[in-house]
Structure formats: C-alpha cells, structure tokens
> 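Pasting a structure below so you can have a look.
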Amino acid sequence: LLLGVGGVTLLGAGLGGLFLAHRALEPARLAWTNQQRFIADASHELRTPLTLLRADAEVLLRSRKKLEAEDAMLLEDIVAEANHMANLANNMLTLARLDSNAAHREHEVLNLADVAQAGIRRVQALAEQRKVSIQTEIAARPQVIGDQTLLGQAILALLDNAIKYNRPRGKVSISTTEEQDQALLKVSDTGIGITADHLPHLGERFYRVDKARSREAGGTGLGLSIARSIVTAHGGTLTLTSVPGEGTTVAITLPLARRIAIGNKQALPEH
Ligand code: ADP
C-alpha cells in the first residue's frame, strides 16, 4: 500500500512537473507561432508588388519603343530579379506554412511511381536544355498516404537539383521500390557531388555549397529544406549521400499505406 501511495505521489509529482514544463514553454511556443505567421504574411504580401514590378518591366520590354541595348538588358535584369524574389517569397511562404502546420494537407492514397512520373514530365524541358538524360526504374509501385501537390513539390525539388548540379550529358535516375513497410524513392545524379563537410548542412535554410552556381541556376537555397519538411510531415525521412565529382543520391522513405478493414468499410490510418 505504501509503495502504491508513493507511486501515486511520484506520478502526481511527475504530472505536475510536466504541467509546469508545458507552462514554461508556452511563451516560446507563442513567439515561434507569431514568427511563423509574420514570415507567412510578409512573404504573401511581397508577391503582389513583385508581380506588378515584373509586369511593368515586361510591358516596357515588349513596347514598340526602340530601346537602347543597355536599357533592354537592365529591364531583363529587373524581370529576372523579380522572378527570383517571387520564387523566394513563394518558398518562404511554403516553409512557414509547413512549420506552423498551416499547410493544407490532403490525406489521399497515392501511387509514388505516378507522383515520380509526373515530376519527370515537369523537368523534361530543363533536362533537354541542360543535355541531361533521365532514367526511370520502377521496381515497385508503392502506395502511400499523403498530399499529391506537396509530395510532387518535394520530388520536383530533388529532380531539379539533380539536373542543375549535373554535368552536360550527365544522367539522372529515379527509382521507386518497397522495403519492408516503407516506400523508397531515390533520385541519383552523375553531377558535381557534395563534399563531406557540406553534407550535414544541406537542408538548412539558405545553405548553398556554391552560392553563385545556385543563383545562376535560379535556386533559392530553400528547395531541400522544403523537400525535407514535406517528407517529415508525411512521417518519412530524407537522406543525402554523395561522392564528390561522381554524384549525389537523395533517398526518401515514406510509410506504406495499409488498409485496415473495419467491417465492410476500409479505413486509412492517420500518420
Ligand atoms: P538551391 O535552390 O540553391 O538549389 P537547395 O536547398 O535545393 O537550394 O539545395 C541547397 C544546396 O545543396 C545547393 O545550393 C547545392 O549547393 C547543393 N545541392 C543540392 N542538391 C545537389 C545535388 N544533387 N548535387 C550537388 N549539390 C547539390
């Protein structure tokens, strides 16, 4: 009995401690939420003036007035910079929404091979432009539960990097398999690779190995962070392995969709 009472007291103290810890963390949580909301609002607000700026510069570029070559170049720079900032604002908005769990997420059954193939179609033009070929290895067609748009965006970011940081006439391969209870998607390239000192930092926001190359390729330094946040929000993992000068592989795992039969109906587990 004594032991029992002691146990209850300890349990009480433990719960009390948890309650106090929760209370102590409340201001930090509130500050974090406010910061995320501010970033989301700010990036959202930036999109309209950027669109107007780009539109004005494009009107001038296409106008019948004969422009000096130098003026036309300046206007083209304005359009390129406005595009870059619009990408940045969109990426920051996506990240802030993912961080604060405000991103709208569908929970539908998806075939990962289909999402991968849709991603390939979207990067086909860029691959042709950079003379990079894409190979597909669909060893399995794993079913996962998630948001098609978000998972598509994550896969697109990986394909985009595999092309951008490749060499001319290089290769990108994308594969889907099933391993135990996991769906596995891999994107490999024959590109410049990443040295061991940079590898742990990739996926940190705005971390770029070569800032000039990233900017020139239209990168914002947020693609991998977004991909990782999306995959993590789906209960999965994202890992990078690389051999400098030979290439990089990014592997995504996601839990397989398992159908639980309840009576005649089928329910899908939340994750
Ligand atoms: P970015 O918009 O600069 O491409 P990411 O967040 O997608 O930003 O990637 C961060 C950095 O990681 C890139 O700037 C690049 O230096 C490096 N990186 C990403 N993917 C690859 C890859 N497949 N091969 C070599 N370097 C890569």
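Atom set for the values below is all heavy atoms of this structure, side chains included, hydrogens, waters and symmetry mates excluded. Whatever order the structure lists them in is the order used to number ligands and atoms, beginning at 1.
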> What is the closest protein heavy atom to atom 23 (N) of ligand 1, and at what distance does it sit?
Asp189 OD2, 2.9 Å
> How far is atom 14 (O) of ligand 1 from its nearest protein heavy atom, and which residue and atom is that?
Arg208 CG, 3.0 Å
> Taking atom 20 (N) of ligand 1 as the point of reference, which of Asn166, Leu159, Asp210, Asn161 owns the nearest heavy atom?
Asn161
> Measure from the side-chain N and O atoms of Asp189 to the backbone N and O of Ile163, and report whether any donor-acceptor pair falls under 3.5 Å.
no
> Can a salt bridge be assigned to the pair Lys65 and Asp71 using a cut-off of 4.0 Å between side-chain N and carboxylate O?
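A salt bridge is absent here (no side-chain N lies under 4.0 Å from a carboxylate O).
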> So which protein heavy atom does atom 12 (O) of ligand 1 come closest to, and at what separation?
Leu202 CD2, 3.3 Å
> Please check this pair: side chain of Arg122 against backbone of Gly152, looking for a donor-acceptor N/O pair closer than 3.5 Å.
no
> Quick one: nearest non-hydrogen protein atom to atom 16 (O) of ligand 1, plus distance?
Val209 N, 3.0 Å
> With side-chain hydrogen bond (donor to acceptor under 3.5 Å, both in side chains) as the criterion, how do Asn166 and Thr190 come out once you've worked through the C-alpha distance, each side chain's angles and the decisive distance to 0.1 Å?
CA-CA 6 Å; Asn166 217 312; Thr190 56; 3.0 Å; yes
> Could you please spell out the steps behind the side chain to side chain contact (heavy atoms under 4.5 Å, CB included) verdict for Leu256 and Gln180?
CA-CA 9 Å; Leu256 281 173; Gln180 288 148 8; over 6 Å; no
> Pick one of side chain, backbone, both or neither for how Ile194 approaches ligand 1, counting any non-hydrogen atom pair under 4.0 Å.
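Only the side chain of Ile194 comes within reach of ligand 1.
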> Over all heavy atoms of both residues, which pair between Gly119 and Leu156 is shortest? Give the atoms and the distance, please.
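Smallest interatomic distance, heavy atoms only, reads O-CD1, 3.9 Å.
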> Between Arg62 and Glu58, does at least one N-O distance fall below 4.0 Å, as a salt bridge requires?
yes
> Please report which non-hydrogen protein atom sits nearest to atom 10 (C) of ligand 1, along with the residue it belongs to and the distance in Å to one decimal place.
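The answer is Tyr207 O, 3.3 Å.
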> How far is atom 8 (O) of ligand 1 from the closest protein heavy atom, and which atom is that?
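Ranked first by proximity to atom 8 (O) of ligand 1 is Gly221 CA, 3.2 Å.
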> Look only at the side chain of Ser242 and the backbone of Gly247, and say whether a donor-acceptor pair between them is shorter than 3.5 Å.
yes
> Which option, Gly191, Gly219, Ser214, owns the non-hydrogen atom nearest atom 3 (O) of ligand 1?
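Of the listed residues, Ser214 has the closest heavy atom.
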> When you compare ligand 1 with Gly223, is there at least one nitrogen or oxygen pair between them that comes in under 3.5 angstrom?
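Such a contact does occur with ligand 1.
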> In terms of residue, atom name and distance, what is the protein heavy atom nearest to atom 13 (C) of ligand 1?
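I find the closest protein heavy atom is Tyr165 OH, 3.5 Å.
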> Is Lys164 close enough to touch ligand 1? Criterion: a residue heavy atom under 4.0 Å from a ligand atom.
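Per 4.0 Å heavy-atom rule, Lys164 contacts ligand 1.
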> Between ligand 1 and Ser225, is the shortest N or O to N or O distance under 3.5 Å?
no
> Considering non-hydrogen atoms of the protein only, which is the closest contact for atom 5 (P) of ligand 1, and what is the distance?
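Nearest protein contact, heavy atoms only, for atom 5 (P) of ligand 1 is Leu224 N, 3.6 Å.
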> Taking atom types as modelled, is there a side-chain donor on Asn87 or Thr220 under 3.5 Å from an acceptor on the other?
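No pair is found: no donor N or O on one side chain lies under 3.5 Å from an acceptor on the other.
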